[in-house]
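A quick write-up on the structure given underneath.
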Amino acid sequence: MADSSSKRGKKFQGPKGTRDFYPREMARRRYIEQAWRNVAIRHGFDEIEGPTFESSDLYAVKSGEGILGELFQAFSGKSPEDVEQVMKTGRAPYALRPEFTPTLARMFADKAASMPRPTKWFAIPIHYRAERPQRGRLREFLQWNADVIGDESPRADAEVIAVAVDMFSELGLSSKQLTVRLSNRDLVSEMLAGIGVAADDISRALMLLDRRDRLPAGEFDKGCAEINLDPVAFIAGLDAVQKSMNDALAAMENGKPRPEIESDSPAIANLIGLLEALAAHGILKWCEFDFSIVRGLAYYTGTVFEITAGSERAIAGGGRYDKLIEMFGGPPTPAVGFGMGDVVLSLVLEEHGLMPDDAGLAQSLNQRPDAFVFAAGGPECDAALVPLVAEMRRAGLHARRSYKSTNKIDKLLKDAAASFARCAIIIDEGFSKGTVATKDLDDGTQHIIKRSDLLAWVRERRGVSKE
RNA sequence: GCGACCGUAGCUCAGUUGGUUAGAGCACCUGGUUGUGGUCCAGGGGGUCGGGGGUUCGAGUCCCCUCGGUCGCCCCA
């Protein structure tokens, strides 16, 4: 398949880590996108979009350093300067966007003076990462982003979590299948500082914590030793706070008053605020505190969270990035948001049998034909097919037709059923006398109606279609 | 970048210790059962067995290389 040249020309296959969306796959993609879009809009988010490639510097500025190696780079071959730069430095002036947050921050920073606070934006951009594909991870994928900008309170954190949770409900997933794991980088930083870790070593300690479960035995302790951190005390302290927070969460979930938590830590106060905001949204049962969640991105501040399902890769992740807009030349502006990819979400939906079949997708996407027309008579019926279909389409109806050469009713009805049309319109002998036969493909009822009444009849069907 | 497994029609696969013109089901197209919907019957298009090289009288079936896929590691926005 690599090179079957000769008589029929070279065959190509899509690049590694990309997908071809044939009609069925496209319908599934639209199904997910529709849920994302509908839920975001009803939660008061406005849709935005940005360019699919940005200046490389936009990503260099904010993300971690290691990220740069996973970018697909881009440049114009028409510019000798660019070509030379790429040859010399290996760095192109542009990069295909690997995430959306920098674009969003840039867009907000550009118009910050005129933007309302809070601003709530969502986007469904396509992203590119030059990673090796594996389960739940491709090189080209969609990611739903929802962000609340300009509200520093944990109420905003809860809002973005709530929109994600509501979307899961929309698709049939429950808190039994998913968990929102909450953490706060400031809390962990406070604790680290409290037990004597130097300010310069804190980000390194966070990285260690992030990888604790994945590191080989002993490596975590070794890393801690290098920054003068007592691993046992560190983890014990973290676990103690985590437990008291989760106890509080459990109590509130059961309708009991929140237990007092004695602390003068701003981060704890913030987490308690988050807890109360999540309770107000009625989504505590989806949540738990897990202070081992750190997130890899350098720009996160304060609240961070991941949403996980079983053993799959995290289905969504996000957090606060209170300094990013400022870094892009805007006014100091707090912001919080998350990204959710379509790849892992699709896997989770499939696992739980929650992806509708073709008929369900057609229904859900509002793509069912209003009518499926075929001719089952002589040549005069065949000749009437195209004009009739054309008339229906001009009238705004979704009309499909059979392309089969047969005039057997059973085959044509099968053809009609395969289109998931609401009804079949049969052009038969009656056509010469001004009538057509109709058949409701959902309940099987049939009528002979006047050709002149057809458009109205089909229109009415569309209105009364059953769910 | 590293590792494991896999690679026969669009899809799922069969293919005997290497032996004549490579098979099945599904899907697709056509026709029949002389006019009603995931039945039945018949026929058809479509693979040079991922690609290249080698061993052999002869390879889909053995060896090497290569490309691709899947799943891990690294990384994870």
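Residue numbers start from 1 in every chain, and the chains themselves are labelled A, B, ... in the order their sequence lines are given, proteins ahead of strands.
A search for side-chain hydrogen bond (donor to acceptor under 3.5 Å, both in side chains) contacts involving A/D415 returns A/S402, not counting sequence neighbours. For A/D186, the side-chain hydrogen bond (donor to acceptor under 3.5 Å, both in side chains) criterion is met by no residue, not counting sequence neighbours. The side chain to side chain contact (heavy atoms under 4.5 Å, CB included) check on A/T406 picks up A/K404, A/K408, A/K411, A/L412, with sequence neighbours excluded. Remark: A/N184 engages no residue in a side-chain hydrogen bond (donor to acceptor under 3.5 Å, both in side chains) (not counting sequence neighbours). Residues passing the salt bridge (charged side-chain N to carboxylate O under 4.0 Å, His left out) test with A/E380: none are found, sequence neighbours excluded.
Using a 4.0 Å heavy-atom distance criterion, A/R211 is classed as a sugar-phosphate-only contact. Residue A/R295 is in sugar-phosphate contact alone, with no base atom involved, counting any heavy-atom pair closer than 4.0 Å across all strands shown.
Across the strands present, B/C5 finds its partner in B/G69; the criterion is a Watson-Crick or G-U wobble pair with both atom distances under 3.5 angstrom.
Applying the ring-ring contact (aromatic ring centres under 6.0 Å, His included) test to residues at least two apart or on different chains, the pairs with a partner in residues 333-376 of chain A are A/W144-A/F338. Under the salt bridge (Lys or Arg N to Asp or Glu O under 4.0 Å) criterion, the residue pairs touching residues 128-137 of chain A are A/E131-A/R137, A/R135-A/E312, A/R135-A/E351, with sequence neighbours excluded.
Rounded to whole Å, the C1' atom of B/C62 lies 10 Å from the corresponding atom of B/U56. A gap of 11 Å separates the C1' atoms of B/U33 and B/A42, to the nearest Å. Using atom P as the reference point in both B/C6 and B/G52, the two lie 22 Å apart (nearest Å).
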### Per-nucleotide protein contact string for nucleotides 34-40 of chain B (B base, S sugar-phosphate only, - none; heavy atom under 4.0 Å)
-BBBS--

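Taking a 4.0 Å limit (strictly below) on heavy-atom distances, residues 141-149 of chain A does not reach RNA chain B anywhere.
Residue A/R132 places its side chain closer to B/C2 than to any other of B/C2, B/C74, B/C75.
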Which atom pairs, one a donor and one an acceptor, fall under 3.5 Å between side chains of residues 300-311 of chain A and the rest of the protein, sequence neighbours left out?
{"unit_1": "A/T301", "atom_1": "OG1", "unit_2": "A/D322", "atom_2": "N", "d": "3.1"}
{"unit_1": "A/T303", "atom_1": "OG1", "unit_2": "A/D157", "atom_2": "OD2", "d": "2.6"}
{"unit_1": "A/E306", "atom_1": "OE2", "unit_2": "A/R295", "atom_2": "NH1", "d": "2.8"}
{"unit_1": "A/T308", "atom_1": "OG1", "unit_2": "A/R181", "atom_2": "NE", "d": "2.9"}
{"unit_1": "A/T308", "atom_1": "OG1", "unit_2": "A/R181", "atom_2": "NH2", "d": "3.2"}

Could you pull out all donor-acceptor pairs under 3.5 Å where a side-chain atom in residues 105-112 of chain A meets a protein atom, sequence neighbours excluded?
{"unit_1": "A/R106", "atom_1": "NE", "unit_2": "A/E54", "atom_2": "OE1", "d": "3.1"}
{"unit_1": "A/R106", "atom_1": "NE", "unit_2": "A/E54", "atom_2": "OE2", "d": "3.2"}
{"unit_1": "A/R106", "atom_1": "NH2", "unit_2": "A/E54", "atom_2": "OE2", "d": "2.9"}

Using the 3.5 Å cut-off, write out each protein N or O paired with an N or O of nucleotides 10-12 of chain B and the distance between them.
none

